[in-house]
Each structure stands twice: as structure tokens, then as C-alpha cells.
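Computed from heavy atoms alone, side chains included, the values below leave out hydrogens, waters and symmetry copies. Protein chains get the first letters and strands the later ones, always in sequence-line order, with residue 1 at the start of each. Small disclaimer: the values here were computed from a predicted structure and weren't measured.
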Amino acid sequence: MLISRETKLWMYKTMLLSRRFEETIEQIYLEGKTPAFNMANGPIPGEMHLSNGQEPVAVGVCAHLNAEDIVTATHRPHHQAIAKGVDLKRMTAEIFGKQTGLSGGRGGHMHIFDTNVNFGCSGIIAQGMGPACGAALSRKMQNKPGVAVSFIGEGAVNQGAFHESLNLAALWCLPVVFVVEDNAWGISVSKQDSTAVARNDVRAAAYDMPGHFVENNDPLVIYKVAGDAIDRARSGGGPSLIEIETFRLAGHFMGDAEAYRPDGEKAFLESKDPIPAFRKILLAEGTTDVALDHLKDQVEEQVSAAIAFARESAYAPAEDALTQVFAQGEYHE
Amino acid sequence: MLISRETKLWMYKTMLLSRRFEETIEQIYLEGKTPAFNMANGPIPGEMHLSNGQEPVAVGVCAHLNAEDIVTATHRPHHQAIAKGVDLKRMTAEIFGKQTGLSGGRGGHMHIFDTNVNFGCSGIIAQGMGPACGAALSRKMQNKPGVAVSFIGEGAVNQGAFHESLNLAALWCLPVVFVVEDNAWGISVSKQDSTAVARNDVRAAAYDMPGHFVENNDPLVIYKVAGDAIDRARSGGGPSLIEIETFRLAGHFMGDAEAYRPDGEKAFLESKDPIPAFRKILLAEGTTDVALDHLKDQVEEQVSAAIAFARESAYAPAEDALTQVFAQGEYHE
Amino acid sequence: MSNTKIRRLTIARAMAEAIQQEMQSDPRVFVMGEDIGALGGVFGNTRGLLEEFGRERIRDTPISETAFIGAGVGAAQDGMRPVVELMFVDFFGVCFDAIYNNMAKNNYFSGGNVKVPMVLMTSTGGGYSDAGQHSQCLYATFAHLPGMKVVSPSNAYDAKGMMIAAIRDDSPVVFMYHKGLQGMGWLGTEAAATVDTPEQPYQVELGKAKIVREGSDVTIVGLAMGVHNALKAADKLAEEGVNAEVVDLRSLVPLDRETVISSVKKTGRLIVVDEDYQSYGVSGEVITSVVEHDYSLLRSGPKRVAYPDVPIPFARHMEQFCLPNADKIVAAFHAM
Amino acid sequence: MSNTKIRRLTIARAMAEAIQQEMQSDPRVFVMGEDIGALGGVFGNTRGLLEEFGRERIRDTPISETAFIGAGVGAAQDGMRPVVELMFVDFFGVCFDAIYNNMAKNNYFSGGNVKVPMVLMTSTGGGYSDAGQHSQCLYATFAHLPGMKVVSPSNAYDAKGMMIAAIRDDSPVVFMYHKGLQGMGWLGTEAAATVDTPEQPYQVELGKAKIVREGSDVTIVGLAMGVHNALKAADKLAEEGVNAEVVDLRSLVPLDRETVISSVKKTGRLIVVDEDYQSYGVSGEVITSVVEHDYSLLRSGPKRVAYPDVPIPFARHMEQFCLPNADKIVAAFHAM
Ligand SMILES: Cc1ncc(C[n+]2csc(CCOP(=O)(O)OP(=O)(O)O)c2C)c(N)n1
Ligand SMILES: Cc1ncc(C[n+]2csc(CCOP(=O)(O)OP(=O)(O)O)c2C)c(N)n1
Ligand SMILES: [Mg+2]
Ligand SMILES: [Mg+2]
């Protein structure tokens, strides 16, 4: 599979966008949380799971997706959302809990839903997998185009939903691709302390579906492997499982002291940060510094605009908490 | 693995005991249920899942178990219970709902618990698997002998608990063996309509554990394969997965019209009934008809005695329904 | 009696007919679940559908409730209208996250942008010695958690109309059918649930209770099997000259508190019948709804006739000892 | 104040100390759960245990709640006394069968022959904007189903004594700890939960409510965070000359109805505070328990201050709008 220069630049830019977005969110998240760190305070309260370092997965996969394709994401959804084309302003506003947010502040950062690009989340481990199968089934039954991609972490593979969903997808030959972001950690528990096999691609055989493993967080390899799997799904060939080695550069969530990490791991991973690495490749391939800096400027602007939008937006009336429980907007006592 | 004549005779006799027990239960179950079949009536109300045809699995596996070993069984537990040495009289009384039953009538046929031989059940698909891991863990932590065997049906392999339990058992190297009774049907749904692979032994690779498949319901092969797996578990080698092709000669439960079965399947399976087949082998190996008939007589006596015990036992006072909810025997409103 | 033809259906047939008619008129409707195809549902409520609609739209599933109920959510969100069966409500423990954390909440989490028009149908109830993992009602377990409508019919007429309403509803609806009312002879059955049921599609509005017997002396509230026990109790009380009003809740969410309150206004007495476990359940909610609304409505202490807080025993006499019945309701009245 | 040393512990430390002491004295006790090892539990309640007891007895698990909670059941049945953590109660939907159909019922199914001495500890509660899948209480969801004790402490003294009692109990106990009381600064915390806690092991009997403030004008019943809201409301009411009695339920199963009823006998007024969803929940059960016992005890209509029947919103102002608080309790009193 050839990768056009345009696609590579989109990938780079999107990685950058995700990174700059999160770096900015990180700063703002800490507002109101010093001197004493208290999750409940500041303009962005609650848990915050950053995806720094995992951008290659999101862009390598989502480069193959259109708005009509479905993505189910997790508690760590920013990079995936951004790569899928979720409205950045409204997502940011949602993370701030504002009325202009994608759900008017009801969902927050673990519940990003954008129907325009068929993006959804669940904060419960592996629980996007069944819905991804269902969306894929819906397309198949309606004879409508579209594949579903379900992202999960390597910790999620030991959840029953993983097994049930892979079996169902294979049995019904659904257009769905399961992507495991192997960042080596499920909170503080390492992959080897949670999983009986070293690589989850071997588990694909249990469902008679293709399994792939991508090493070293390489966006270009991810692009190729994901492209093949997505093409296969699109053309009626059924599901695939892809596990991708990636890096969690930050803690599990903000505030995580990460004492469980082996010494030196963080520094080592930072030295392998995929964004500078990808920049080097692009430069080596002849893209100019100027061109890449220009992308960076565009990204800065997008992020600033999104943050400004979120900051300037109003909060919904508090009573709106009692709306949108049921489909007519009502709630029933 | 050599099989002693004594073991073979035990296996034959136990298969016979299970069969004759169920044939008798079948008759009694129908008492009070004619002319109109109504599950709620008769001396044995409720659902009744027979295991006719599946006896080889139970005896081939349980031949290797002692009272201290743990078995977790399913909604279809008679053959396993009998092979594990559950008190037949008290089990029968339980199936009749009598006070002398293993649980005084609280459990019934899907909830057979005999602590003397570490036997338990759950009527929920695959939910014996976690407890089997836990019992195995308990032995390991206490440095006490004993392996756990978890029986499930081939329909149960697509339940999340299967996956989670196999991973946990492998990860923690637990002395547990998972035995899948592949009778080709989960109620009315065939294996191929529920499972993405033809044989579940391939799924063992997903947990880096040995997987075995036994064809054609052969008690002697089952004995060998199970023996190896149980030895392995006993000696600290960790878990195994065994799938055994077996035959469900009856309906899913009594009252099942079995319209979903392909024409001729039942007759074909009956022609392969493992009990006469095993008898032939034993005869060929030199056991006499007289000796085998003698076993049969013993079995008849055991069954009659168990049924008589159950019939003659009293029902517990109805108010006993309100006891034994908590460990002190009490219940809390 | 008029000369229009009486068409008595069991609840099982009424449900199947409702689904069939909706499938005929709306290609988005399909059914998923265990043994709902060739078998027609263990409790008969999808019988005949496979023959008419084929395996694409009548999908037998593996025993993977988390995956296929989750798939129902995903399909509903993508524009389909799945009717998904959880064979026994007792099995909710293997798949509840897909139900209560996703099906029920995604409308809210998405600020109303994602609709989940899914029906989860599931069987409830005991009385036929199916023991403690196959006989529960769990009404309150579902009704306690926000975001899903929870309904349970007591007769075929309501079953058909409520199923059609549920399928057409843009909110997720949990449709609980009581096994003892299905009209499946092999389970024993309450004959009074098999009633005249129009052939033409019609809806019974979800969230509205119904006064199924008018009376002035005591209000007996129940749903599903409880309604039949209440009606039988009302007959017995009538022999004593006591005039009981019976309210069929039909729906737990939304709960039609007004109908209950109006009835109690009239009668001044309240008995709640519930086959689900007593504590933290339906009876407490109904009683509290009345007393918090107007403490002076009741002329004597309210009563509950509910399943005691014990797992359901297998033995018939033990189970029957625990189950609500007409005599217990009459006794509750006498104790008022 | 005496000169004995005050030893203020957070609930997190009190729980960890209780487990530690039981592990020291009883080799059958061990801990399983996600991130309970090196991390010491996301909410701090196993901190320090890995260092003392090692990986065999302090077992980090895969994210496989069905398997490891099921394993807890199997180990408990085999003679161990596992303390198993479900990180957030909100996750019960992926593993509830192991809990309510096995852990809770096997004692009964076996006629009392199989004991399941297991503690399932799980975090509850919101207030820090963790949104709708990480902020629930689900008290009634657990308490509704028979066979498990369900308790929730409001302070460190009770937490330690109740944890020790739970570990020593031969019945399964669900130990629900409220995140906002844990004393983990990063979650915000209710300072009043951090109280003097003896070093020596001691038990607080499960199933006994406690009057944490005596009064004569109104009974305010709550548990966990609700107790602190009730106490704050009582302070405010005191300024108006109203003397509120506050009952800390501490346990939902067994539910100490007598203590509540005795209190209402004295005060004639009842307010129930509950952070769990309102309908089909704790408030209905407590109120009904009083009115069915003696309808004449109440001098005015009972009130509930509970979480409305909506998923928990993320935005702080929306969540705070929904949560019970002291002002709402005071307002409820004024509306009586
Ligand atoms: C069913 C369930 N169990 C536990 C959790 C708590 N939890 C949230 S994230 C997480 C770790 C997930 O690890 P992984 O899947 O590798 O994703 P990552 O955080 O590394 O992106 C856990 C255990 C949850 N949300 N859902
Ligand atoms: C979680 C769960 N889902 C569904 C059922 C209903 N059910 C009982 S037996 C059965 C089929 C089981 O098939 P299999 O595992 O092959 O066992 P078999 O009946 O063939 O022995 C089903 C679906 C159940 N008991 N538990
Ligand atoms: Mg991870
Ligand atoms: Mg089978």
C-alpha cells in the first residue's frame, strides 16, 4: 500500500494537532488544581486521560476512514476523536462542560459523541466492541457503505466483551476492525502481569480472523496494516484484529504519580516520541522545515480557536441536567 | 497412559449408573405431567436437562479425580455429579425437592452442591469457570493438593467468562482443567451457528496453554487426554483446555420438541450410543457378559435405593425457604 | 356480546404478531437473541418469524449476551430498530453494562444526539420450580436505573400494543414478559392473560397504568402476574362485601403515580403486590410515592405482598410459600 | 479532652489497616483486584499491603472482573477469605452474575453447606465530575438482591471496624466506600470522615445503624456521604432552633429498621437522604419500612432528598444541581 505525500502530511499534522491539543488541555486542567491537586476543581474537572505518544495509532487507522465509518473509542479518546474528524470546538467545549459541547456538558471527556462523524465512546473497558459489531451489522443489513473500528487498550483484551465481540464479528463476517493500542500498561498493571500471551495478534486465530502486530509505534506501518484490514472489511472479507505497540508518555490519568513504572522507562519512551521521529522521516523525504512549521502554525490556530470557543461558551442552565434522558428530551421520575 | 481393567470397569459402571439414573428420572419426571405437559407439575417439577450420551466425558475425566479435587458443573450436571461421587441418594432427594436433599430442596437439579466431594454447579452459562479458577488458586496458595475441573458446553465457549477465566488460569498457572462437552448444540443453535472456529482446542493458543480435541465421544481417549491434562495441572504445569465431541441423545431439556434437529440426526447418534459401544470393547477385551450384567444389577440397585430414599423422604417445612440465606442460617428482611 | 369475532391470543402470540407486523412495515426492525430462530424463542414470542423473514432479520446468536446486546445498541444507534432478547432476565448479570451503561445512557451522554431505539425483551417470573437463577423478576433492578423505559404487560391485548409502542419508541424499552402469563402450556399459564386481541396493529401507550377493576374500599396495585393475583383477591374480597380497585401498573418507568394516587384518594387503602424481592423494590416505591404526595390519603397503614428477600427455592412448596398470591393479599387487607 | 493520643485516619488508611491486621492474623485472607498492588488501590485502600505481604497475597488482576470475582467466590468456598475489589461500583454490569447469582446465592443453593466468606469492596459516589459511568452509588441495586450483606461506612472508625467484621463474617459482604470520604485529597474529601481510629483491631457490628446526632424534631436518615450532608443540615437547622436527629444507616442489608422507627417515634418526622437514584431505591424502602410498621408515627409527610432519575452529568454545575446537599435537606424540612 502506497502512502501519498498528502496523506503523510495529514497524518503528521493530525498527530501534531492531537499533541498540541492535549498539551494545552493539560495546562488548563491544572488551573484551579494547585497548590493542592483536587480533581474536582478547575475549568476542567474530573478524570483526564491523555493520549500523548499514541497518536500514530489514531492517524494510521483513521487515515482510511470517512465520516460515514464508525469509531468506538474508550476512556482515552482524544487522539482517536481528532483523527476521526470530531468537531474540535464542540469536543473542547464538552471537555469544559459547556452548553456548546457535543452533549451540552453531560458527557465530558470520556463520553465524546459526534454523530456527524459516527464517533462514540464508553468509559467502561471493552464496551465499545459490541456496539461496533452492531453498527457494522447495521451497515451490512442495510447494504450501506461503512466499516466500524473499535479501539481498545491492551488491558481491555482480557475483558469478556473482547472475546464475545470477536467471535460474533467473525461468525457474521461483519465489516469491523478491532484495534488494540498496546501501551504496555493498564493503569499500573503491565501487559505481562495481565495477559497470558505476549502479543494479542495470536488471539485472532481463536476466531479464524487475520491478526496483525505492529511494532514500535510506527505510523507508516500502522497505516499499511490498518489499510489492508479496513479494505478487507469494506470488501466483505470480514473482521481483523490489529495490535499496535504504542507509548503512553504520560500517566494513566493526570495526577498519576507513576511510581509503578520501572526507572528510566519514561525517559526511554520520550526519546522515541513518534512526532519528532515522524518529522525526521518527512524531512528526509524532502518536506521542508518551513512546510512542517506551517502545519504547526495551522495546528496552533486550530487549538487556540477551540480553546477560545470552549472558554467563551456559556454553561448550560444547571437544570438541563434533567433533560435528554429519554429520546423526547424528557426525563421520568 | 495405561488404563487398568479396574478403571475401565469403573468407567463402564459409572456410565451405566448415570444412564439408568437418568432413564429413571425421565420416567418420574413425566409423572403428573400427562396428558398436558406442564413443567410445574409432578414429583420433579422445573426444568430437566438430561445428559444421556455424554457419560464418556464425565467418566473419562473424573476417573482421575479424588474427593478433594474440585468440579464445577453446569445446568446439565447429573453425569458429572455421579462420576465425581456426589451422594446419589441426597442428590436424588434434592431433585425431588426433599428435606434430605443436598440443599434441603432449595437448589434442585441445576444447583447440586456436595461439599464432601467438592462438587458445585451454576445454571448460568460458563459461570462455574471463575470459581474453578478460584478454588485452584486456593489450593495453590495453601499448598494443598487438588485440581479443579470446570465442565462447560460448546455453547458456553462464546461467553466472556470463558475467555477471562482461561487467561487468568494461564497467567497464574493454576491447577485447573477446562473441559468443553461439545454436543454440537446449545439448545437449538448449532455449534457452527455460534462459533467462528470448528474446534475450540485452537482457542487454547490464545492463552498459551495446551489444547486438545477428542473425537467421537470415545471414553478411552478421553481418559488419556484428560489424564495428561490433570497430571500436568497437579504437577504445577498449569491449565489445559480439552474439547470433547459428545452426543446429546435427548432434547435440550425434557419437553423439547427438537424440531430444529436435522432429519436422522437422532437415529444416527443413537446408533453411536457410547454405552453399548463400550460394552462391546470390554467384551472384546475379555470381560464376560456375566460380569457386566452384574455391574448392571449393582447399578439398578443403587438407582432404586436412591429413588426410594428420595420418594420416602419428607419435604422440609415450607418456611424453611426463609432459612440458609446467610451463613448463620438466617435471612434478613 | 357483539358478533365481532373474538380473537384470543396468548401473550407469546401477541408479541410475535406485534414484531411481525412491525417487521412488515419497517425494514429497520429485526430480532436477535438466543434460540429465537428455528425454535421461535424458548417462550414462543418469536414463533413463525424465521419462516417469514429469514435468517438475516431473525438472527440466532451465540451465548454472548454482552456482544449481541451491545450490538443491538450499536445497530440502534446506526438507524436500525433491533428487538433483542435476553432469554431469562436472571442472566442480566453477564451483560448489564451493555444495557444500563450504554443502551440506557447514550441518549444522555450524547446530549440527545444519539438515539437508541431498541427493545430488550426478557422473560421474568417463577412459579414452576425453575429455581433461583431462572425464576426472578428483577423489576426494580431495571427500573431503578435511569434511561430505559421498563414495562410489563399482564395480558395479550396490552402485550401487543405495548410491543408495537416499544418498537416505535425512540427510547430504549425493556419489555419484561412473565413466563407464567405467556400461554405456553408447558410452563403452566394464567388463562386470564389470553384475551381478545385485534389483528390490526395498535399501540398501548407506555407509562400509563390501567384500572382493571373499579372499587372503592382498597387499592391493590400490581403488574404482570401480580395483577392476576390482585384480581383473584378482589373476587374473594367481593364475597366479603369488600370492593377492591385493582391497578395494573403496566409500566414501571415511566411510573404512572397519578393513577395510583387518584385511586388511593378514592379508597384510602393501599396494597402493593410484587413478585420481585421485597426490599428496595417496587412496593417501597409505590407506597412512598403515595405517602410523600399526600400523607393524609391513607386511612390505614399500607401493605405489601412481595417476594421475601431470599433466593428463589426450587422445591414447589417452598417456592409457593414465598410467592405472592390471592390469599396473602386478602390476608393483608384483613390486617389493615 | 483526655491525653490519650488521637489517631486520625482517613477511611482509605483505616480500610488498609483493617485488611493488614486481618492478613497478619489469618493466612486465609488475601486481596485481589485491579491496581491494588504496586498502586495501592486507585482509592488508597490497599496502600502498603504489597510491600508487607507480597504478590501472592496481594494480587493485581487483569481487567477481567467476571473471572477474578468468580475466582473470589471459588476461593472463599474452598476455605480462603478473599477481599476482592471492584474498582468502581459502576463496573458491576460486566460481572454481576458472579456476584449476585453465585457469591450471594451459593450459601442458599447449597442449603447452607457452602459458605462464601468473601468481601467485595467497591467505590461509590460522585461529586468530582467523573461523569455517568464513574460516579454512581447503586446502593439499592446491591441491596435489593438477597444473600449479600451491603454496608457503607461514613467515617474511618466505622470503616475499620466494619471491614474487620466483614472479613470475619462467614457471609459475603459488599463493602461500599464513598470516594468523597476516602481522604484522598485529589478527589476532594469530606474532612469529617477522617476521625480517631484505634490501632488495635476491633469490630463494628454489621447491620446496626447509629444515631450520630440526637434530636427531637426530625429524623434525617442517610448513609456514607449522606450522613455528612445530614449533619450539616442539622447544624443549619439548629440555628433555626430545630433539633434534628441524624441516623447513619451504615448497613443496608441487614437494614436496621428498628433504629429508624424508634427515632421517628421520637421525632414524628422523616427525611431520607440518598445519593443513589431516587426511584426504587433506599429512600422508598426506609420510608415504607416506617409507614408499614406504624402509620401513625409520622406527624407530616416523609421527604426524600435523593439523586434524581437521570444519568450523572459531567459538568460540575449540573452534577452539583443533582446531588443531595445540606440546603436541600433543610428545604425538605421547611416543606414539611
Ligand atoms: C470494566 C472496567 N473495569 C475497569 C475499569 C477501570 N479502568 C479504566 S482504564 C483501565 C486500564 C485500561 O487499560 P488499557 O485497556 O490498556 O487502556 P489504556 O488506559 O492503557 O489506554 C482500567 C482498569 C473500567 N473502566 N472498566
Ligand atoms: C448466560 C446464560 N445465557 C443463556 C442461558 C440459557 N441457556 C441455558 S443452557 C443453554 C445452552 C447451553 O449450551 P451448551 O453450553 O452447549 O450446553 P448444553 O446445553 O449443550 O449442555 C442456554 C443458552 C444461560 N443459562 N446462561
Ligand atoms: Mg494500556
Ligand atoms: Mg452443547
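Between chain A and the options C:Lys149, C:Met32, C:Arg28, heavy-atom pairs under 4.5 Å are most frequent for C:Lys149. Considering only heavy-atom pairs separated by less than 4.5 Å from chain C, the leading option among A:Leu166, A:Asp114, A:Val325 is A:Val325. Ranked by heavy-atom pairs under 4.5 Å with chain C, the list A:Gly108, A:Gly107, A:Gly128, A:Ala135 is led by A:Ala135. Counting heavy-atom pairs closer than 4.5 Å to chain C, the top-ranked of the candidates A:Met129, A:Gln142, A:Glu164 is A:Glu164. Note: C:Ser110 leads C:Ser110, C:Pro82, C:Ala98 in heavy-atom pairs under 4.5 Å with chain A.
Exactly one residue among A:Gln324, A:Gln328, A:Arg106 makes a side chain to side chain contact (heavy atoms under 4.5 Å, CB included) with C:Asn107. That residue is A:Gln324.
Looking at C:Lys105, there are no atoms closer than 4.5 Å to chain A (heavy atoms on both sides), in backbone or side chain. Using a 4.5 Å cut-off between heavy atoms, A:Ala132 does not touch chain C at all. Only the side chain of C:Arg257 has a heavy atom closer than 4.5 Å to any heavy atom of chain A. Contact of A:Leu102 with chain C is made through the backbone alone, with heavy-atom distances under 4.5 Å. Residue A:Thr72 does not touch chain C at all, counting heavy-atom pairs closer than 4.5 Å. Looking at A:Ile112, there are no atoms closer than 4.5 Å to chain C (heavy atoms on both sides), in backbone or side chain. Both the backbone and the side chain of C:Asp97 come within contact range of chain A, judged by heavy atoms closer than 4.5 Å. Looking at C:Ser289, there are no atoms closer than 4.5 Å to chain A (heavy atoms on both sides), in backbone or side chain. Only the backbone of C:Met148 comes within contact range of chain A, with at least one heavy atom under 4.5 Å from a heavy atom of that chain. Heavy atoms of C:Asn102 lying under 4.5 Å from chain A belong exclusively to its side chain.
The structure places OG of C:Ser171 at 6.5 Å from NE2 of A:His332, a figure rounded to the nearest 0.5 Å. Interatomic distance, CG of C:Asp78 versus CE of A:Met141, reported as 11.5 Å (0.5 Å rounding). Expressed to the nearest 0.5 Å, how far CG of A:Leu137 lies from CZ of C:Arg59 amounts to 4.5 Å.
Here the side chains of A:Ser103 and C:Asn113 are not in contact, with every heavy-atom distance at 4.5 Å or above.
More than 12 heavy atoms of other shown residues, nucleotides or ligands fall within 6.0 angstrom of atom CD in A:Glu68.
Across C:Ala75 and A:Ser138, no two heavy atoms sit closer than the pair CA-CB, 4.1 Å. In this structure, C:Ala67 and A:Ser165 approach most closely via the heavy-atom pair CB-N, 3.8 Å.
Residues of residues 115-123 of chain A lying under 4.5 angstrom from chain C, judged on non-hydrogen atoms, are A:Thr115, A:Asn118, A:Ser122 by number.
Remark: side-chain polar atoms of C:Tyr108 are not paired, donor with acceptor, to backbone N or O of A:Leu322 under 3.5 angstrom.
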